[in-house]
2 protein chains.
Amino acid sequence: MKRNTWQREAVRTALNERGDFISAQKLHTELKAEGSTIGLATVYRALTDLVTADEADALQSPEGENLYRACSSDGHHHHLICRQCGHTEEIEAEAVESWAAKVAAEHGFTQPRHVVDVFGLCRECTLSP
Amino acid sequence: MKRNTWQREAVRTALNERGDFISAQKLHTELKAEGSTIGLATVYRALTDLVTADEADALQSPEGENLYRACSSDGHHHHLICRQCGHTEEIEAEAVESWAAKVAAEHGFTQPRHVVDVFGLCRECTLSP
DNA sequence: ATCGGTATTGACAATCATTCTCAATAAGCC
DNA sequence: GGCTTATTGAGAATGATTGTCAATACCGAT
């Protein structure tokens, strides 16, 4: 059975208010700064729960941290990330989904996961570097 | 001044012979298994050196490990990577290429690069874990 | 409203990849 | 061979994440 706790709710709303990608560590620090007594482990648990519930998505920063963000659209999707300013946009990748699954199957691979992210320079950063 | 040591050479040739993506940890274990006395820290140092010298590629697995591979100078392609044994198969992704370029352009992004890799369990690892 | 089983929490320990430290070693130049 | 100093290796340190487990609190049933 799944229970609703104020801790999970706190993580969910914190993510929604923020909009940007944020690390679990930083989120925990901010919550504590606001007076919350939530534990670090709980933040991690809440975040992974949100990801599996498709309410948030996760990606790895080049530094090896996991970053989380509230998902605006539901379902599985990918990102277009500016490598200058970090701005991200969600992109649909229906074609890529089925392609990944097909290719994996053709080579005898099971349990496919994929990493599909496009890095570039966004409009602003293209104009003023 | 830059010096040539058998350790760096060992890492370079191990990467070249292998062709697959491999983690620093696993590479170190294999070298030790072959009787080498190389240290783990040295393997890390050699790998990052190779990457900065453009002799190797690095990417992050979904598990947060850094994987390294000798740079095949020929063309651009993608990978199907076993997250158990590290076996890699190259895959054609013509469809993905054009898709990435198109999506980037639609959102005003320039200079698109993309990360498209599929992780799974290969045939052998699916059968005997 | 309260009771009880159990999902969830939080403090802390444990883990895992990676980096740092520093004395000892060895590469390259004389 | 001898000197200088980049490089090494063993272990400690770091930093993110996950596991442990007793205490807590959610929620359906009473």
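Labels below follow one simple rule: chain letters A, B, ... track the order of the sequence lines, proteins then strands, and each chain is numbered from 1.
As judged by a 4.0 angstrom heavy-atom cut-off over every strand, T37(B) is placed among residues touching the sugar-phosphate backbone only. Within 4.0 Å of I38(B), counting heavy atoms only, lie sugar-phosphate atoms of the nucleic acid but no base atom.
If you take CG of N4(B) and P of dT7(D), they are 9 Å apart, rounded to a whole angstrom. Following rounding to the nearest Å, W6(B) (CH2) and dT7(D) (C1') show an atom-to-atom distance of 12 Å. For the pair E63(B) CD and dT18(C) P, the interatomic distance rounds to 12 Å; values are reported in whole Å. Across the protein-nucleic acid pair, K32(B) atom NZ and dG9(D) atom P stand 8 Å apart, rounded to whole Å. Between R3(A) atom CZ and dG4(C) atom P the separation is 15 Å, expressed in whole Å. dA6(D) atom P lies 21 Å from atom CD of E9(B), rounded to whole Å. Rounded to an integer number of Å, the gap from H28(A) NE2 to dT9(C) P is 13 Å. To the nearest angstrom, P of dC20(C) lies 14 Å from CG of L40(B).
Between Y44(B) and the phosphate of dT18(C), there is a side-chain N or O to OP1/OP2 separation shorter than 4.0 Å. Q7(B) has no side-chain polar atom (N or O) that falls below the 4.0 Å cut-off from OP1 or OP2 of dT7(D). The phosphate of dT8(D) (OP1 or OP2) has no side-chain N or O of T42(B) nearer than 4.0 angstrom. Listed pair T5(A) / dA25(D) fails the phosphate criterion, with no side-chain N or O lying under 4.0 Å from OP1 or OP2. Within the structure, every side-chain polar atom (N or O) of Q60(B) is placed at least 4.0 Å from both OP1 and OP2 of dA17(C).
Heavy-atom nearest nucleotides on DNA chain D were determined for G39(B) and for A24(A), and the one closer to the 5' end corresponds to G39(B). Where M1(B) and R45(B) meet DNA chain C, the nucleotide closest to each residue was compared, and R45(B) sits on the side nearer the 5' end.
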message: Between Q7(A) and T42(A), is the side chain to side chain donor-acceptor pair (under 3.5 Å) condition met? List the steps.
response: CA-CA 8 Å; Q7(A) 287 95 335; T42(A) 304; over 6 Å; no
query: Does the salt bridge (Lys or Arg N to Asp or Glu O under 4.0 Å) test come out yes or no for E30(A) and R18(A), once each step is laid out?
result: CA-CA 11 Å; E30(A) 292 196 1; R18(A) 172 164 270 273; 2.8 Å; yes
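Comparing dG9(D), dA17(C), dT17(D) by their nearest atom to the side chain of E65(B) picks out dA17(C).
The CZ atom of R69(B) lies 14.0 Å from the CG atom of L47(B); values are rounded to the nearest 0.5 Å.
When all heavy atoms of K32(A) and I38(A) are compared, the pair lying nearest together is CD-O, 3.6 Å.
The neighbour count for K102(B) NZ, taken as heavy atoms of other residues, nucleotides or ligands under 6.0 Å away, does not exceed 12.
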